[in-house]
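Let me begin by presenting the structure, written as structure tokens, before commenting on it.
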Amino acid sequence: MSRVPGWVGRVGAGLTAMSERWSERRAEAEREHAEERSEPPAPAPVPPPPDRPPLVPARPDPAQAVPWGVRVAAEVGWRLLVLAGTLWVLMRVISAVQLVVLAFVASLLITALLQPTVARLRRYGVPRGPATALTAVLGFVVMGLIGWFVTWQVMENIDDLSDQVQDGIDELRRWLLDSPFHVTDKQINEIAKNLREAVGANTDEITSVGLEGVTVVVETLTGVLLAVFSTLFLLYDGRRIWEWSLKLVPAAARPGVAGAGPRAWRTLTAYVRGTVVVALIDAIFIGLGIYFLDVPMAVPLAVFIFLFAFIPLVGAVVSGALAVVVALVTQGVFTAVMTLVVVLAVQQIEGHILQPFILGRAVRVHPLAVVLSVTAGGMIAGIGGAVVAVPLVAVTNTVVGSLRSYSEEVARARLAAESGTTGTPPPTEDTPPPPTEDSKP
């Protein structure tokens, strides 16, 4: 009985100690929890103001988004359109005043041919007025005599020529019947019938062309008178006309144009002189050839060859074909073949020897440029355009080369001035290189 209360006391003491430890652990846990709850909360993200738009990525410049090749093509394209429009307007203006333009260009060509004579007379002491009058009168008299001689020869030989043409047609018909081409009389008659029907169907057009001949004659006389007056003024006062023309050029480009003008005039003078000499040689040798072949109207044909020689390439073909046709219908096939041989031989000598030797490198134009320019000139202004096309291309080539050389000289002088070295200064606006008596009209 005395041991029971002692055991119970020890159990109670153990339970009491255990409860105290639990109480301490609970208090520590509460303190840790209280410390965690006492830390400040993390700041919440501030929303953007409602009036600011949302941010978007920046877009590139539209011009930068276009490929480089497309941008270059567009730049070149609109510039070409501007140039094409300018050329179109210029062609329209030239077509409206075609008679004036052709007359003035013809006067320039005649002046280039006669002006050296005026300059030579001036060096001999003849005053400008008499020298101009004497040269112009002699020049126009010679050209008038050539035209009268051709007309006279044609009128004198027209009756004999018509008879010879009829005989030639009959001989050509017999030759075709006996030739190895197996041409029958029925086929020849059919060709002749078709020709007669073609002429009859176009009678109205032929009549209208004949009625328009009066207008053509009036326009031709007007152009001739205008060319004569323009030539007189260019021969007498060409230098002052050129100096006045320089005032129309912008001041920045005036020195270069002043230097290019005399070079262009020398090119035009050399072209006209050389063409006259070459045409004269062609006319003499082809005329002698067809004369010894007994082709009728040899002298008028030679004059036609001389005149057509002023149309490069095309004129030689047309005049040579005319001589061959006349020989064919008047003297037969053999004479026509021999005439063709003479024409081809003279033209080959002209193209490979005479033109390079007489015209020289100053007016040398590529054959492709000659063909294209003659074709374009003929389409724009007919025979007159074909005549002036090649000299215009030659002068333009000289002017472009002179302006390019002048710009290179200016660039070299500027570089020399910047580097401190001495160089030849370019001509200034105050002292443009004036045209000389032999280089400008």
Side-chain angles (χ1 to χ4, degrees), residues 75-94 96-97 100-105 107-109 111-112 115 118-119 122 128 132 229-272 362-363 365 373 388-389 391-441:
E75 293 286 339
V76 174
W78 73 260
R79 285 176 171 84
L80 289 178
L81 288 177
V82 171
L83 290 177
T86 304
L87 289 177
W88 183 81
V89 173
L90 182 62
M91 291 297 103
R92 296 286 293 181
V93 173
I94 292 176
V97 291
V100 178
V101 174
L102 289 179
F104 182 73
V105 173
S107 67
L108 281 177
L109 296 176
T111 303
Q115 190 271 335
V118 176
R122 289 294 309 278
R128 178 178 294 275
T132 301
F229 280 107
S230 300
T231 303
L232 289 175
F233 282 110
L234 288 174
L235 287 174
Y236 180 76
D237 214 11
R239 182 183 179 86
R240 283 195 292 180
I241 294 175
W242 166 246
E243 292 175 353
W244 176 84
S245 301
L246 282 178
K247 297 178 182 179
L248 302 177
V249 181
R254 196 171 299 164
V257 176
R263 296 183 182 179
W265 184 253
R266 285 193 293 268
T267 299
L268 182 61
T269 304
Y271 175 83
V272 175
V363 293
V365 181
S373 59
V388 303
L392 179 62
V393 171
V395 169
T396 303
N397 184 31
T398 301
V399 170
V400 172
S402 177
L403 293 178
R404 183 172 59 248
S405 300
Y406 174 79
S407 63
E408 292 175 355
E409 291 177 1
V410 171
R412 284 196 298 266
R414 186 179 294 111
L415 290 176
E418 292 176 355
S419 61
T421 59
T422 59
T424 302
T428 60
E429 179 185 350
D430 298 332
T431 59
T436 61
E437 288 289 339
D438 296 333
S439 61
K440 288 301 294 179

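Please read all numbers here as calculations on a predicted model, not as lab measurements. For the single chain, residues carry numbers from 1 onward in sequence order. The figures here come from the full heavy-atom set of this structure, side chains too, leaving out hydrogens, waters and symmetry mates.
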Problem - Candidate pair Leu268 and Leu109, rule side-chain contact (heavy atoms from CB on, under 4.5 Å), full reasoning - result: CA-CA 8 Å; Leu268 182 61; Leu109 296 176; 3.6 Å; yes
Completion exercise
Only one of Val100, Val101, Val89 passes side chain to side chain contact (heavy atoms under 4.5 Å, CB included) with Ile94, and that residue is Val101
Closest heavy-atom pair and its distance - [X], [Y]:
| X | Y | value |
| --- | --- | --- |
| Arg128 | Leu235 | NH1-O, 3.8 Å |
| Ala264 | Thr398 | N-CG2, 4.0 Å |
| Ala251 | Pro255 | O-CD, 3.5 Å |
| Leu403 | Ala260 | CD2-CB, 4.3 Å |

Fill in the blank from the handout: Sorted by chain and number, sequence neighbours left out, side-chain hydrogen bond (donor to acceptor under 3.5 Å, both in side chains) with Glu75 holds for Trp78, Arg79
Exercise for the section: Mind checking side-chain hydrogen bond (donor to acceptor under 3.5 Å, both in side chains) for Ser402 and listing every partner two or more places apart, or none if nothing turns up? Expected result: Arg263
Exercise for the section: Report yes if some heavy atom in the side chain of Trp265 is under 4.5 Å from a heavy atom in the side chain of Leu108; otherwise report no. Expected result: yes
Handout entry: Any Thr267 side-chain heavy atom under 4.5 Å of Tyr271 side chain
Key = no
Practice task
Could you list all the side-chain hydrogen bond (donor to acceptor under 3.5 Å, both in side chains) pairs where at least one residue sits in residues 84-93, not counting sequence neighbours?
Solution key: none
Exercise for the section: Using atom types as modelled and distance alone, determine if a side-chain donor or acceptor of Arg254 lies under 3.5 Å from a backbone N or O of Leu246. Expected result: yes
Completion exercise
CZ of Phe104 to OG1 of Thr111, rounded to nearest 0.5 Å, is 8.0 Å
Practice task
Measure the spacing between CG of Leu80 and CG of Leu87 and express it to the nearest 0.5 Å.
Solution key: 10.5 Å
Handout entry: salt bridge (Lys or Arg N to Asp or Glu O under 4.0 Å) evaluation trace for Arg239 with Glu243
Key = CA-CA 6 Å; Arg239 182 183 179 86; Glu243 292 175 353; 3.4 Å; yes
